[in-house]
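Quick notes on the structure that follows.
Computed from a prediction, not measured in an experiment: that's the story for all the values here.
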Amino acid sequence: MERNRFLYLCSEATSGGDAFVRHPGNREEGLITSCSLDTEQMMVKTPGGEVRVWDYRECDDLQRPRLNPFVWDCRYEE
């Protein structure tokens, strides 16, 4: 993904919008929950509830996620 797209998706996620990405290495998809501009990483929650940290350069933007975002259980559990 390009840096400008990363910045846009981070802006969307932090303003309450839904932003989805895919990690091509394992084809896992997730909802961006937060970003770090210092480390250029995204915190992503998967449909299974796992939390991942991905470098934006390793991800693909999902303008249309494979999964219906309304099916997600977005409760954040630590």
Side-chain angles (χ1 to χ4, degrees):
M1 171 186 327
E2 293 182 7
R3 180 165 171 74
N4 287 339
R5 189 63 182 166
F6 163 67
L7 295 173
Y8 171 77
L9 291 175
C10 288
S11 174
E12 274 296 299
T14 57
S15 67
D18 290 341
F20 296 90
V21 290
R22 177 187 309 128
H23 195 282
N26 59 12
R27 294 188 168 170
E28 194 169 33
E29 296 178 1
L31 173 70
I32 299 172
T33 58
S34 65
C35 298
S36 170
L37 300 181
D38 293 334
T39 62
E40 300 184 326
Q41 294 177 322
M42 301 170 283
M43 183 172 283
V44 177
K45 186 169 183 181
T46 67
E50 297 89 1
V51 176
R52 309 277 191 241
V53 178
W54 294 337
D55 186 299
Y56 84 88
R57 291 171 285 256
E58 298 174 355
C59 294
D60 295 325
D61 176 12
L62 286 181
Q63 293 179 359
R64 292 188 202 140
R66 175 181 49 175
L67 300 172
N68 181 342
F70 297 106
V71 174
W72 286 55
D73 178 5
C74 292
R75 290 176 296 174
Y76 185 77
E77 299 176 28
E78 292 188 31

| message | Among Arg52, Met1, Arg5, which residue satisfies the side-chain contact (heavy atoms from CB on, under 4.5 Å) criterion with Val21? | response | Met1

| said: Which residues pass the side-chain hydrogen bond (donor to acceptor under 3.5 Å, both in side chains) test with Ser34, not counting sequence neighbours? | reply: none

| query | Of all heavy-atom pairs between Arg22 and Leu62, which one has the smallest distance, and what is that distance? | reply | NH2-CD2, 3.2 Å

Throw together a table of side-chain donor-acceptor distances under 3.5 angstrom for residues 6-14, partners on residues two or more places apart or in other chains.
| unit_1 | atom_1 | unit_2 | atom_2 | d |
| --- | --- | --- | --- | --- |
| Thr14 | OG1 | Cys10 | O | 2.9 |
| Thr14 | OG1 | Ser11 | O | 3.2 |

| message | With a 4.5 Å cut-off on side-chain heavy-atom distances among I, L, V, M, F, W and Y, is there a chain of contacts connecting Tyr56 to Val53? | response | no

| task | Just jot down the side-chain hydrogen bond (donor to acceptor under 3.5 Å, both in side chains) partners of Asn4, sequence neighbours excluded, or say none. | result | none

| Flag, side chain of Thr33 to backbone of Met43, donor-acceptor distance under 3.5 Å | yes

| task | Return the minimal non-hydrogen interatomic distance between Pro24 and Glu58, and the atom names on each side. | result | CD-O, 2.8 Å

| query | Can you name the side chain to side chain contact (heavy atoms under 4.5 Å, CB included) partners of Ser15, sequence neighbours left out? | reply | none

| For Met42 against Cys59, the heavy-atom pair lying closest together | CE-SG, 3.6 Å

| said: Restricting to side-chain hydrogen bond (donor to acceptor under 3.5 Å, both in side chains), what partner residues turn up for Glu40, sequence neighbours left out? | reply: Arg3, Arg57

| said: On a heavy-atom basis, which atom in Phe20 and which in Asp61 lie closest, and how many Å separate them? | reply: O-OD1, 3.6 Å

| note | For Asn26, the side chain to side chain contact (heavy atoms under 4.5 Å, CB included) test, sequence neighbours excluded, returns His23, Glu28

| said: Which residues pass the side-chain hydrogen bond (donor to acceptor under 3.5 Å, both in side chains) test with Glu50, not counting sequence neighbours? | reply: Thr46

